[in-house]
Amino acid sequence: MITRKTFTRSLISAFALSAMSIAPNGLASAAEQSAAVTSGITNFRLDYTGSLFIFPMGTLTLAGQKNSYGYSMRADMDTAGIAKMTKSGGLWSTSVGYYDKADIRPTQHVIQKLNKKGRRVEINYDAEGAPTSTIAPRFGSMGQPAASDAERAEAVDALSGIMQLMMTGHTYSDAPCSGSVPIFDGKQRYDLRLEKAGNNYIRQSSYKGETVRCHVYMETVSGYDTEDLLTAEEAATPIVIYLAEFKEAGLWVPVRFDYRVSGIKVNIKATNIDISNG
């Protein structure tokens, strides 16, 4: 039986996991932004709305840019309707970094919660890719066990991880929705395991056409308190992402998300997709 706490976590995680894209705002510095993305730019803006059954949950505005070696990212989430009852509030998040055929290398990641507590998590990466986190106010616990230095260093931040997912099938691998993405979010260390589950034709206001149905499983590694661990059902239930290919941009763009667990049905749909190549 699902508990209220599990319900809240499922609701927010399904909505917040999709707060994922790229934008030029809120970066570490103008110099870093200019160095990361300067020419041959692909720009895009994605707008999403979410619902629990027929009840509104809020909106996501995702916008950003990349070129042949750098990227910048921003996501803004605003809760509404039933999601406001969780008191988790909205958030904004940014990432900036570099990439090549071998891997993706973030240089800075920021998460700013917009609830009463207003926690800010900032992760800066050194030249070797090792992260240093600044968290205010600090978490009461860093999990049992806490993520080790090695576990943190082998992972990227959540936005950079989603960027990797979107480039998989072009920059990484020949097939979209494949492999695993290691994530460290300032406390929790987990993997996103990707499994292709066929193709689906999607018909909605922002996009009509074929998509790849991608099953995303969250696999916990470290940094979790007991009450935050996934239930067996949650661990076995994927978030389903429908990816549409935009070849000129070199991206597989999420146009829809579905999440169903213990009677909960969350849907997130893109209401606007705007992509341009400079």
Side-chain angles (χ1 to χ4, degrees), residues 8-23 26-28 60 62 64 71-77 79 86 88-97 103-115 117-126 129-166 180-194 216-230 234-235 238-239 241 254 257 259:
T8 299
R9 184 174 69 235
S10 300
L11 184 69
I12 293 300
S13 64
F15 196 56
L17 178 59
S18 58
M20 62 164 78
S21 213
I22 41 188
L27 302 180
L60 298 172
L62 313 174
Y71 65 95
S72 60
M73 314 171 66
R74 182 177 176 105
D76 291 271
M77 182 180 80
T79 56
T86 66
S88 293
L91 62 83
W92 60 260
S93 182
T94 63
S95 290
V96 61
D103 57 19
I104 192 164
R105 300 183 300 281
T107 58
Q108 188 196 55
H109 175 58
V110 177
I111 304 171
Q112 178 65 61
K113 298 296 291 291
L114 301 179
N115 57 8
K117 186 175 292 185
R119 175 173 285 123
R120 180 184 176 92
V121 177
E122 183 172 330
I123 307 175
N124 290 286
Y125 298 81
D126 65 19
T132 300
S133 303
T134 303
I135 304 167
R138 298 192 63 81
F139 294 111
S141 164
M142 292 301 289
Q144 298 295 329
S148 67
D149 289 344
E151 288 170 337
R152 298 179 187 202
E154 69 187 1
V156 298
D157 66 85
L159 288 182
S160 296
I162 298 301
M163 187 68 212
Q164 180 177 330
L165 178 153
M166 294 171 70
S180 182
V181 183
I183 304 293
F184 174 64
D185 67 5
K187 176 183 177 181
Q188 296 174 338
R189 170 69 179 84
Y190 56 92
D191 293 329
L192 297 178
R193 177 165 53 87
L194 314 176
V216 181
Y217 296 89
M218 179 179 287
E219 299 178 334
T220 60
V221 176
S222 58
Y224 285 79
D225 297 307
T226 302
E227 63 269 23
D228 296 323
L229 290 170
L230 301 179
E234 289 170 334
I239 294 177
I241 304 179
F257 305 78
Y259 183 63

State, to 0.1 Å, how close Y190 and A158 come at their nearest heavy-atom pair, and which atoms those are.
-> OH-CB, 4.1 Å
When you measure from the side chain of R189 to the backbone N and O of A147, does any donor-acceptor pair fall under 3.5 Å?
-> no
Minimal heavy-atom distance between Q188 and G223, with the atoms involved, is CG-O, 3.3 Å
For S133, check side chain to side chain donor-acceptor pair (under 3.5 Å) against everything at least two apart and list the hits.
-> none
How long is the span from the CD1 atom in I123 to the CD atom in Q108, to the nearest 0.5 Å?
-> 10.0 Å
P238 vs V216 side-chain heavy atoms within contact, under 4.5 Å = no
For R105, what residues pass the side chain to side chain contact (heavy atoms under 4.5 Å, CB included) criterion, not counting sequence neighbours?
-> Y98, D100, D103
Electrostatic pair R193-E219, nearest N-O below 4.0 angstrom = yes
Is there a side-chain contact between E234 and M218, using heavy atoms and a 4.5 Å cut-off?
-> no
Does R119 use its side chain to pair, donor to acceptor, with the backbone of R138 at less than 3.5 Å?
-> yes
Test side chain to side chain contact (heavy atoms under 4.5 Å, CB included) applied to D157 and Y125, step by step | CA-CA 10 Å; D157 66 85; Y125 298 81; 3.4 Å; yes
To the nearest 0.5 Å, atom OG of S148 lies from atom CZ of F184 at 9.5 Å
Are I162 and L192 close enough, and set up right, to give a side chain to side chain contact (heavy atoms under 4.5 Å, CB included), and what steps lead you there?
-> CA-CA 9 Å; I162 298 301; L192 297 178; 4.2 Å; yes
Of the non-hydrogen atoms in I241 and P254, which two are nearest, and what is the gap between them?
-> CG2-CB, 3.7 Å
4.5 Å side-chain heavy-atom contact, H109 and S160 = no
Point-to-point distance, once rounded to the nearest 0.5 Å, from CG of D191 to CD of E154 | 7.5 Å
Considering non-hydrogen atoms only, spot the tightest contact between S222 and E151 and give its length.
-> OG-OE1, 2.8 Å
Closest heavy-atom contact between A130 and A153?
-> CA-CB, 4.5 Å
Rounding to 0.5 Å, atoms CG (D185) and CD1 (I183) come to a distance of 8.5 Å
How would you list, by chain and number, every residue that makes a side chain to side chain contact (heavy atoms under 4.5 Å, CB included) with D225, sequence neighbours excluded?
-> S141, K187, E227, D228
Okay, side chain of S93, backbone of V110: is any donor-acceptor separation there less than 3.5 Å?
-> yes
Near D126 CG, under 6.0 Å, is it more than 12 heavy atoms from other residues, nucleotides or ligands?
-> yes
Say you draw a straight line from CG of L159 to OH of Y71; how long is it, rounded to the nearest 0.5 Å?
-> 9.0 Å
Spatial distance of atom CE (M77) from atom CG (L91) [nearest 0.5 Å] = 4.0 Å
